[in-house]
2 protein chains.
Amino acid sequence: MARRSDHTRDELKEVILNASWKIIEKHGFSGLTARRIANDIGYAPGTIYNIFSSMDDLYLAVNSMTLDKLYDTLSSTECQAPKKTPIQNIKKMAQLYRAFTKKHRSHWLMLFTYILPKGKKPPSWYQEKITRLFEPLENLLKPFYSEKQSRKRKMAARVLWASVHGICFLEETGKIPLISNQENPPDMTGYLIDNFVSGIQN
Amino acid sequence: MARRSDHTRDELKEVILNASWKIIEKHGFSGLTARRIANDIGYAPGTIYNIFSSMDDLYLAVNSMTLDKLYDTLSSTECQAPKKTPIQNIKKMAQLYRAFTKKHRSHWLMLFTYILPKGKKPPSWYQEKITRLFEPLENLLKPFYSEKQSRKRKMAARVLWASVHGICFLEETGKIPLISNQENPPDMTGYLIDNFVSGIQN
DNA sequence: CTATAAATTGAACAATGTTCAGAATTGTGA
DNA sequence: TCACAATTCTGAACATTGTTCAATTTATAG
């Protein structure tokens, strides 16, 4: 029996989340079970329910971790080089996003394949983490819009990000039939960005 | 006990799929269980396994239905009006896609949230149905590319479709934080199409 | 009518999320 | 130090899931 002084409540929460992260890494989202977590951390299954109200609650917490990591990636200085053109930086950001989908494939997939029970809405802090995700791209789009067009600029960021994501997601789940080996998804996102930004500039 | 002369094998397959379709409509993908299907069609659960090798197999068949319906939608004459501009037709097609995601929300979501067990690839006829899905859009893009650029045109179709899909999917799953009530997803797809096509034309 | 083939059944199994009474552990007040 | 209270943890139990398969029922061929 685990002793209750082993971890504080907060520590235990972290231990559970870290174990979950690794399980997803190895066995995918569907391999994440309460019993497996409990086994890995040396606690009984019931203990998890002292920390999380349900597995859905835990899924949300894991997704929150993924969102944080994704934010770190997108706000990297790599795609904010002042010496490069905005387009180059946007493309770099798309590359970073793509790399993220590869490195944390299962976590990234979970972010989009786990859908809350119908009618349920995520908590507001979760929505805020998503909103925050768009900011780096909003900044990169500043050269193309005046101050007064900030709303339009935000929309452009959403459109562009959703589009890049759409390409990555369909490709990663095998739903974009490749025409040949010549066109790979990086080319596709590049093609998208070139044309979209070119359209903006007109 | 259901009598074996009630339905032929093929009929039974259809009966199962139709029941599944309705269940998903009412209770979502997660509400689709072998026992519920069996109950609805008046057979025992085991019977389903005479027709489908597993529930995964059945999911694939349901998704195949959805793909067929989606193809019918996208190849509608509504978005192939000769009197309208290509852009207008493309926008119409995007609208039709969007309408489909609303009308058959659960089935459409299932198409993307059910991911085959890692390593497993869908059968080739399934891939072909996906490939076929791009053809209507490929045709609408013909005015923008020469005969020799057909490969580029196909890539454009994939990019554009994936992008529109990305917008719809993120919006439908609550992952595009709206800036205000003024920008709704139809506007966003319109914005995307305008700019992308404008970029192509340069 | 009988024997064979085929289709259907439903009990059984392992695994899942979840609950909660009771056991184990720790903190507290004398 | 000791007794009692509060907290934490356990793990058996329950309902449900996909899945299997021997037994049963039904249809057909000879």
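By convention in this document, chain letters (A, B, ...) are assigned in the order of the sequence lines, proteins followed by strands, and residues within each chain are numbered from 1. As the structure is a computational prediction, the values presented were derived from the model and not from experiment.
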Peer 1: Return yes when atom CD of A/Glu14 has more than 12 non-hydrogen atoms of other residues, nucleotides or ligands closer than 6.0 Å, and no otherwise.
Peer 2: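 Open: at most 12 neighbouring heavy atoms sit under 6.0 Å from CD of A/Glu14.
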Peer 1: Any heavy-atom pair between the side chains of A/Phe134 and B/Pro177 that's under 4.5 Å?
Peer 2: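 The answer is yes, as the side chains (C-beta and beyond) meet within the 4.5 Å cut-off.
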Peer 1: Can you tell me the distance, in whole Å, between the NE2 atom of A/His7 and the P atom of C/dT26?
Peer 2: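 From A/His7 NE2 to C/dT26 P: 13 Å.
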Peer 1: Which protein N or O atoms sit under 3.5 Å from an N or O of nucleotides 26-29 of chain D?
Peer 2:
from: D/dT26; atom 1: O2; to: B/Arg4; atom 2: NE; distance (Å): 3.2
from: D/dT26; atom 1: O2; to: B/Arg4; atom 2: NH2; distance (Å): 2.5
from: D/dA27; atom 1: OP1; to: B/Arg3; atom 2: NH1; distance (Å): 3.4
from: D/dA27; atom 1: OP1; to: B/Ser5; atom 2: OG; distance (Å): 2.7
from: D/dA27; atom 1: OP2; to: B/Arg3; atom 2: NH1; distance (Å): 3.1
from: D/dA27; atom 1: O4'; to: B/Arg4; atom 2: NE; distance (Å): 3.1
from: D/dA27; atom 1: O4'; to: B/Arg4; atom 2: NH2; distance (Å): 2.9
from: D/dA27; atom 1: N9; to: B/Arg4; atom 2: NH2; distance (Å): 3.4
from: D/dA27; atom 1: N3; to: B/Arg4; atom 2: NH2; distance (Å): 3.2

Peer 1: Please find out if less than 6.0 Å separates the ring center of B/Tyr114 from that of B/Tyr59.
Peer 2: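 So the answer is yes for these two rings.
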Peer 1: Specify the residues of residues 36-52 of chain B, ordered by number, for which at least one heavy atom lies under 4.0 angstrom from an atom of DNA chain C.
Peer 2: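 Those residues are B/Gly42, B/Tyr43, B/Ala44, B/Gly46, B/Thr47, B/Asn50.
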Peer 1: Between D/dT16 atom C1' and B/Met55 atom CE, what is the distance in whole Å?
Peer 2: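 Taking CE of B/Met55 and C1' of D/dT16, I get 13 Å after rounding.
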Peer 1: May I ask you to say what A/Arg35 touches in the nucleic acid, namely base, sugar-phosphate or nothing, with a heavy-atom cut-off under 4.0 Å?
Peer 2: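 Base contact.
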Peer 1: Can you name the nearest heavy-atom pair linking A/Val164 to A/Ala94, along with the distance?
Peer 2: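 Of all heavy-atom pairs spanning A/Val164 and A/Ala94, the closest is CG1-CB, 4.2 Å.
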Peer 1: Rounded to the Å, how far apart are B/Arg9 CZ and C/dA7 C1'?
Peer 2: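 After rounding, the reported distance stands at 10 Å.
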Peer 1: Kindly indicate whether a cation-pi arrangement holds for A/Arg132 with A/Tyr71, taking the cut-offs as under 6.0 Å to the six-membered ring centre and within 45° of the axis.
Peer 2: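 Relative to the ring axis of A/Tyr71, which defines the angle, A/Arg132 lies inside both limits.
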Peer 1: Let me know the distance between CG of B/Asp10 and C1' of C/dA6, rounded to the nearest Å.
Peer 2: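 Distance check: B/Asp10 CG to C/dA6 C1' gives 16 Å.
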Peer 1: Please list, chain by chain and in numerical order, all residues satisfying ring pair (Phe, Tyr, Trp, His ring centres under 6.0 Å) with B/Phe112, sequence neighbours excluded.
Peer 2: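 With neighbours one apart ignored, the set is B/Trp108, B/His165.
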Peer 1: Give the rounded distance in Å between these two atoms: CG of A/Asp57 and C1' of C/dT18.
Peer 2: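 These atoms are roughly 14 Å apart.
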Peer 1: In whole Å, what is the span from the NE2 atom of A/His27 to the C1' atom of C/dA15?
Peer 2: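 In whole Å, C/dA15 C1' lies 15 Å from A/His27 NE2.
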Peer 1: With B/Leu111 as reference, evaluate B/Leu67, B/Thr101, B/Val62, B/Ile130 under the side chain to side chain contact (heavy atoms under 4.5 Å, CB included) test and give the passing residue.
Peer 2: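 Option passing the side chain to side chain contact (heavy atoms under 4.5 Å, CB included) with B/Leu111: B/Leu67.
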Peer 1: Quick one: which of A/Ile87, A/Leu160, A/Ile90 gives a side chain to side chain contact (heavy atoms under 4.5 Å, CB included) with A/Leu140?
Peer 2: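 One option only clears the test, and that one is A/Ile90.
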